[in-house]
Amino acid sequence: VQLQASGGGLVQAGEALRLSCVSSGRTFTIDGMGWFRQAPGKEREFVAAITWWRGTSRRYADSVKGRFTISRDNAKNTVYLEMSSLKPEDTANYYCAADSTPRTVPAVLGSSYRTWGQGTQVTVSS
């Protein structure tokens, strides 16, 4: 499986962005996808995740709940992260990751994800 993230950019506080993560290869092995982010000097943190084994389930970090939405377009092998009301503290490199373990609840630990994309930078100015 290969993952390609895109959609990052420079925006002002309060604006929106949509990140995309396109998967290729053995995509049938993917049971869920997650978004993580890492700001300079900080540890990587969970942002949002989605699973579709036995129904769709989503999880969000408290810091983005109500502002970010994760979704999936199965036909395009793409997972999206719609980000609205962006804040300067959302500035980070955003990574998508694929989970190959069937779960009814998305995983929040990075170690649960087998494959990672290259990251896309999001910068929010105040």
Side-chain angles (χ1 to χ4, degrees):
V1 172
Q2 296 81 42
L3 303 177
Q4 180 72 41
S6 63
L10 172 63
V11 297
Q12 293 189 337
E15 294 185 340
L17 271 178
R18 186 178 77 164
L19 305 183
S20 300
C21 180
V22 180
S23 57
S24 59
R26 296 168 60 88
T27 58
F28 62 89
T29 65
I30 301 174
D31 291 298
M33 294 285 292
W35 285 96
F36 293 76
R37 66 187 182 187
Q38 187 167 22
K42 294 187 177 181
E43 293 186 353
R44 182 180 64 194
E45 65 174 355
F46 169 77
V47 176
I50 184 170
T51 60
W52 45 83
W53 185 66
R54 293 186 180 180
T56 300
S57 178
R58 298 174 176 84
R59 288 181 83 174
Y60 297 93
D62 288 343
S63 59
V64 307
K65 206 171 291 184
R67 300 188 297 122
F68 291 12
T69 301
I70 189 169
S71 63
R72 172 197 182 212
D73 186 331
N74 185 38
K76 296 182 178 179
N77 290 323
T78 301
V79 170
Y80 301 99
L81 185 67
E82 303 267 5
M83 306 184 295
S84 63
S85 303
L86 282 162
K87 305 175 181 180
E89 51 263 44
D90 293 319
T91 295
N93 205 358
Y94 282 70
Y95 298 89
C96 59
D99 184 1
S100 297
T101 300
R103 306 178 197 274
T104 55
V105 178
V108 300
L109 294 178
S111 57
S112 299
Y113 292 83
R114 184 175 178 180
T115 306
W116 292 77
Q118 85 289 0
T120 183
Q121 178 68 36
V122 173
T123 303
V124 184
S125 63
S126 58

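The chain is numbered in sequence order, starting from 1.
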**Fill in**
Looking only at heavy atoms, the pair that brings L17 and G9 closest together is CD1-N, 3.9 Å
Please list every donor-acceptor pair under 3.5 Å in which a side-chain atom of residues 76-84 meets a protein atom from a residue at least two apart or in another chain.
unit_1, atom_1, unit_2, atom_2, d
T78, OG1, K76, O, 2.8
S84, OG, R67, O, 2.8

**Asked** Nearest heavy-atom pair of S100 and P102: which atoms, and what distance?
**Response** O-CD, 3.8 Å
**Request:** Nearest 0.5 Å please: distance from the OG1 atom of T29 over to the CZ atom of R114.
**Result:** 6.5 Å
**Asked** Are K65 and D62 within salt-bridge range, i.e. N to O under 4.0 Å?
**Response** yes
**Message:** For S126 versus P88, what's the shortest heavy-atom pair and its separation?
**Reply:** CB-CG, 3.8 Å
**Prompt:** Within the distance-only criterion (no hydrogens, no angle test), does the side chain of Y113 pair as donor or acceptor with the backbone N or O of C96 below 3.5 angstrom?
**Reply:** no
**Request:** Indicate the atoms forming the closest heavy-atom contact of T51 with V105, along with that distance.
**Result:** CG2-C, 4.2 Å
**Prompt:** Quick check: does any side chain N or O of Q118 sit under 3.5 Å from a backbone N or O of Q4, one acting as donor and the other as acceptor?
**Reply:** no
**Request:** Can you see which heavy atom on A49 is nearest to which on A107, and at what distance?
**Result:** CB-O, 3.8 Å
**Message:** If you define the side chain from C-beta out and look only at heavy atoms, does anything of W116 sit under 4.5 Å from L3?
**Reply:** no
**Prompt:** For R44, does the CZ atom sit with more than 12 other heavy atoms under 6.0 Å from it, leaving out its own atoms?
**Reply:** yes
**Prompt:** If you round to the nearest 0.5 Å, how far is CZ of R58 from CD1 of I70?
**Reply:** 8.0 Å
**Prompt:** Does V124 offer a backbone N or O that forms a donor-acceptor pair with the side chain of T91 under 3.5 Å?
**Reply:** yes
**Asked** In terms of hydrophobic clusters joined by side-chain contacts under 4.5 Å, are W35 and V108 together?
**Response** no
**Prompt:** If only atom types and distance count, is the side chain of D99 paired as donor or acceptor with the main-chain N or O of M33 below 3.5 Å?
**Reply:** no
**Prompt:** Atom CZ in R37, atom CZ in F68: separation rounded to 0.5 Å?
**Reply:** 5.5 Å
**Asked** In Å, rounded to the nearest 0.5 Å, how long is the span from CD of Q38 to CD of Q121?
**Response** 11.0 Å
**Asked** Going by the angle between their ring planes, with limits at 30° and 60°, are F46 and F36 parallel, tilted or perpendicular?
**Response** perpendicular
**Nearest non-hydrogen partners of I30 and V1, listed with the distance** = CD1-CG1, 3.7 Å
